[in-house]
Amino acid sequence: MTVIQIFLTTGITVIAIYMYLRLRSTLLDVILILLFLVAGIFFVIFPDTTNDIAHWVGVSRGADLLFYSSILFLLCLILKLYSRLR
């Protein structure tokens, strides 16, 4: 593993633990956190896999696929927070 992979894996794990401690109210939250953790670590360890998956779904680059997925994930979190405020 390279230094950046160790840094990113540690960062993803810390974020997932923080999210779990803050949002552990429903089963959906736990499932989303675990998916984030597993997918994040998998894509950090095997970065070429993102290109293969991206080409399979019709996106040109793996980085773009991760960017689009991140936008959807953040939108889900924003909607969750908005619903709690309402």
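How far CZ of F36 is from SG of C76: 13.0 Å, rounded to the nearest 0.5 Å. A distance of 10.5 Å separates CD1 in I71 from CD1 in I78, rounded to the nearest 0.5 Å. In this structure, K80 NZ and L77 CG are separated by 9.5 Å, a value rounded to the nearest 0.5 Å.
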Validation: residues 51-67 side-chain donor-acceptor distances under 3.5 Å, sequence neighbours left out:
from: N51; atom 1: OD1; to: G62; atom 2: N; distance (Å): 2.8
from: R61; atom 1: NE; to: D64; atom 2: OD2; distance (Å): 3.4
from: R61; atom 1: NH2; to: D64; atom 2: OD1; distance (Å): 3.0

Report, one line per pair, each donor and acceptor closer than 3.5 Å where one atom sits in a side chain of residues 10-19; sequence neighbours left out.
from: T10; atom 1: OG1; to: I6; atom 2: O; distance (Å): 2.8
from: T13; atom 1: OG1; to: T9; atom 2: O; distance (Å): 2.8

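Hydrophobic clustering (ILVMFWY, side-chain heavy atoms < 4.5 Å, transitive): I4 and I41 are in one cluster. Put simply, V38 and I33 are part of two different groups of oily side chains (I, L, V, M, F, W, Y) that touch within less than 4.5 Å, one to the next. Cluster annotation: V44 is connected to Y68 through the hydrophobic network of ILVMFWY side chains, with a link wherever side-chain heavy atoms come within less than 4.5 Å. Under the 4.5 Å side-chain heavy-atom criterion for grouping Ile, Leu, Val, Met, Phe, Trp and Tyr, L75 is not connected to L28 through any hydrophobic cluster.
Scanning both residues, T50 and P47, for their nearest heavy atoms gives OG1-O, 2.6 Å.
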